[in-house]
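Written out below as C-alpha cells is the structure these notes cover.
Hydrogens, waters and symmetry mates are skipped; everything else that's a heavy atom, side chains included, is used.
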Amino acid sequence: MKTFKNFKTLFTLSLFFIGVSILSISCSKSDSGAAAYRCLACRNAPDALAANDASGKGIYKGVAVGSSGTLSINIQNGVNTITANMVLDGISASLTSNVTYVDGQAYVAPFTGTYNGTSVSITFSIAIGGAMPTVTSSSIPGHPNIVFTLYKETSTSLLEAFEGTYSKTGESGIFNIILSTGLARWGGIVKKDVSGITGNISGTYVNNNVIDDNGKTIGVISVDELHGSFLDGNGATVTTTAHRTL
C-alpha cells in the first residue's frame with residue numbers, strides 16, 4: 001500500500017537538493033512576531049474509517065504541481081458514493097465516478113466534473129487493498145502537464161497537504177508536500193518554474209523538522225506553515241515556504 005510506512009521516492013533527492021550538502025540551517029515562522037498561519041478549514045483528525053484501513057475503500061489525499069493544488073478522493077468511506085475534490089490555483093472542482101468498487105480487486109475509474117466552467121476528468125487507480133494510488137491520466141484544460149502524488153489515509157494517520165515554493169538565486173519553483181505526523185513521514189513533488197521539470201521528494205518528520213531521506217533538514221513547521229532557509233553545496237541560500245491547504 002502506498003502509505004508512508006513503505007514509501008519509496010522516485011528520486012533520492014529533489015531537483016534543488018541534488019548534490020546539496022547543507023552547511024547550515026535556520027528556520028523560523030517569521031521575523032515579524034505575527035501569529036503562525038492556521039488553516040481553519042483543514043481537518044484535525046483523520047476522515048478515514050478504521051474499517052477501511054486494509055481496504056481499497058477509504059480516503060486518499062495528495063498534492064499536484066503544474067499549477068499548484070490538492071486532490072482528495074473518497075471511495076465509499078462511510079457512504080455509498082465515490083467522489084473527489086480537486087483544488088487547483090485556489091479553484092475547486094467536485095468530481096464523481098460511477099465505477100463500482102469491488103472488494104479484493106484493483107480499482108480503475110474516471111472521475112469527471114467541471115473546473116472553472118470547463119469539463120475535466122482524471123483517471124484514478126489503486127491496486128488490491130488500496131496500494132499504489134495513482135492518477136494515471138488527466139484532461140484539465142490549461143493544465144496539460146499536471147502531476148499528482150497521492151497516499152492513502154488511515155484511521156490513525158491524518159494526512160496534511162502543504163503548498164508552497166522554493167527559491168534561490170537564478171532558480172525558483174513549486175514545493176508541495178503531504179505530511180503524516182502520526183507516521184512521522186512526508187512525501188511530495190517539486191517543479192522548476194522555467195524548465196517545468198518535476199521530481200519526487202520524501203523524508204521524515206521529527207520535532208517539527210521536515211527532514212529529507214538523506215537526513216538534511218529543509219524546513220520547520222509551526223502550526224500550519226513551513227519555513228526553511230539553508231545553504232546548498234554551492235553556498236547559495238535556498239528558502240522554502242509553504243502553508244497547509246488540506
Side-chain angles (χ1 to χ4, degrees), residues 2-3 37-49 52 56-101 106-126 130 132-153 158-165 173-180 186-191 193 196 198 200 224-226 242-246:
K2 188 178 178 184
T3 67
Y37 164 82
R38 185 180 295 277
C39 177
L40 298 179
C42 293
R43 300 283 292 173
N44 293 317
D47 293 300
L49 301 177
N52 297 326
K57 292 181 180 180
I59 300 295
Y60 300 83
K61 295 179 180 179
V63 289
V65 301
S67 292
S68 179
T70 61
L71 177 64
S72 59
I73 295 175
N74 182 328
I75 299 180
Q76 296 180 335
N77 186 69
V79 295
N80 292 323
T81 55
I82 298 175
T83 60
N85 186 65
M86 179 179 69
V87 181
L88 297 177
D89 297 336
I91 300 173
S92 63
S94 296
L95 311 177
T96 59
S97 178
N98 294 320
V99 177
T100 302
Y101 171 79
Y107 181 76
V108 180
F111 285 72
T112 59
T114 302
Y115 170 78
N116 205 19
T118 304
S119 295
V120 299
S121 68
I122 64 170
T123 300
F124 174 71
S125 74
I126 50 175
M132 298 183 292
T134 306
V135 172
T136 59
S137 65
S138 64
S139 176
I140 307 172
H143 307 270
N145 300 312
I146 194 164
V147 178
F148 295 89
T149 187
L150 291 157
Y151 301 92
K152 180 175 170 63
E153 185 174 85
L158 171 69
L159 295 182
E160 305 175 19
F162 287 77
E163 295 180 70
T165 60
I174 298 172
F175 170 79
N176 291 349
I177 68 171
I178 286 281
L179 169 71
S180 169
W186 62 273
I189 324 172
V190 291
K191 177 184 177 182
D193 285 334
T198 62
N200 285 21
D224 288 332
E225 63 181 338
L226 176 152
H243 291 79
R244 187 181 174 198
T245 56
L246 178 65

How far apart are the C-alpha atoms of Ser139 and Ser121, what are their side-chain angles, what is the distance that settles it, and do they pass the side chain to side chain donor-acceptor pair (under 3.5 Å) test?
CA-CA 5 Å; Ser139 176; Ser121 68; 4.6 Å; no
Rounded to the nearest 0.5 Å, how far does OG of Ser137 lie from CD1 of Ile122?
9.0 Å
So OG of Ser138 and CE of Met86: to nearest 0.5 Å the spacing works out to 8.5 Å
Would you find a donor on one side and an acceptor on the other, under 3.5 Å apart, between the side chain of Glu153 and the backbone of Asp47?
yes
Does the side chain to side chain contact (heavy atoms under 4.5 Å, CB included) test come out yes or no for Thr123 and Val108, once each step is laid out?
CA-CA 7 Å; Thr123 300; Val108 180; 3.9 Å; yes
Stepwise, does the side chain to side chain contact (heavy atoms under 4.5 Å, CB included) test hold for Phe124 with Tyr60?
CA-CA 10 Å; Phe124 174 71; Tyr60 300 83; 3.9 Å; yes
Taking every heavy atom of Asn52 against every heavy atom of Gln76, the minimum-distance pair comes out as ND2-O, 4.0 Å
Would the distance check show the side chain of Tyr101 and the main-chain N or O of Gly56 forming a donor-acceptor pair, the cut-off being under 3.5 Å?
yes
I need the minimum non-hydrogen distance between Val190 and Phe175, along with the two atoms involved.
CG1-CD1, 3.8 Å
Nearest atoms (heavy-atom pairs only) where Tyr151 meets Pro133:
CA-CG, 4.0 Å
Does the side chain of Val99 reach to within under 4.5 Å of the side chain of Pro110, using non-hydrogen atoms?
yes
I need the Arg244 CZ to Leu40 CG distance, nearest 0.5 Å.
11.0 Å
Out of Thr70, Leu179, Val63, Ile178, which residue meets the side chain to side chain contact (heavy atoms under 4.5 Å, CB included) rule with Phe162?
Leu179
Short side-chain donor-acceptor distance under 3.5 Å, Ser68 and Asn176:
yes
Would you kindly say whether Ser125 and Thr134 are connected by a side-chain donor-acceptor distance under 3.5 Å?
no
Could you tell me whether Asn145 atom CG has more than 12 heavy atoms of other residues or ligands within 6.0 Å of it?
no
Atom pair CG (Asn98) and OG1 (Thr112), whose distance is rounded to the nearest 0.5 Å
7.0 Å
Can you tell me how far CZ of Arg38 sits from CD of Glu225, rounded to the nearest 0.5 angstrom?
10.5 Å
Please determine whether side chain to side chain contact (heavy atoms under 4.5 Å, CB included) holds for the pair Asp224 and His243, giving the CA-CA distance in whole Å, both sets of side-chain angles, and the decisive distance to 0.1 Å.
CA-CA 6 Å; Asp224 288 332; His243 291 79; over 6 Å; no
If you look at every heavy atom in Asn85 and Ser92, which pair is closest and at what distance?
OD1-CB, 4.2 Å
If you define the side chain from C-beta out and look only at heavy atoms, does anything of His143 sit under 4.5 Å from Val120?
no
Over all heavy atoms of both residues, which pair between Leu88 and Ala64 is shortest? Give the atoms and the distance, please.
CD2-CB, 4.2 Å
Partner of Thr198 under side chain to side chain contact (heavy atoms under 4.5 Å, CB included), chosen from Ile146, Val147, Thr149
Val147
Find out whether Leu71 and Val135 are in side-chain contact, i.e. whether some heavy atom of one side chain is under 4.5 Å from a heavy atom of the other.
yes
What pair of heavy atoms forms the shortest contact from Thr118 to Pro141, and how long is it?
CG2-CG, 3.3 Å
CD of Glu160 to CZ of Arg43, rounded to nearest 0.5 Å, is 12.0 Å
Stepwise side chain to side chain contact (heavy atoms under 4.5 Å, CB included) check, Ile177 with Leu226:
CA-CA 10 Å; Ile177 68 171; Leu226 176 152; 4.2 Å; yes
Just wondering, do Ile189 and Ile174 contact through their side chains at under 4.5 Å, heavy atoms?
no
Would you mind reporting whether Phe111 and Ile82 have side-chain heavy atoms less than 4.5 Å apart?
yes
Quick one, Asn77 and Lys57 - any side-chain contact, counting heavy atoms below 4.5 Å?
no
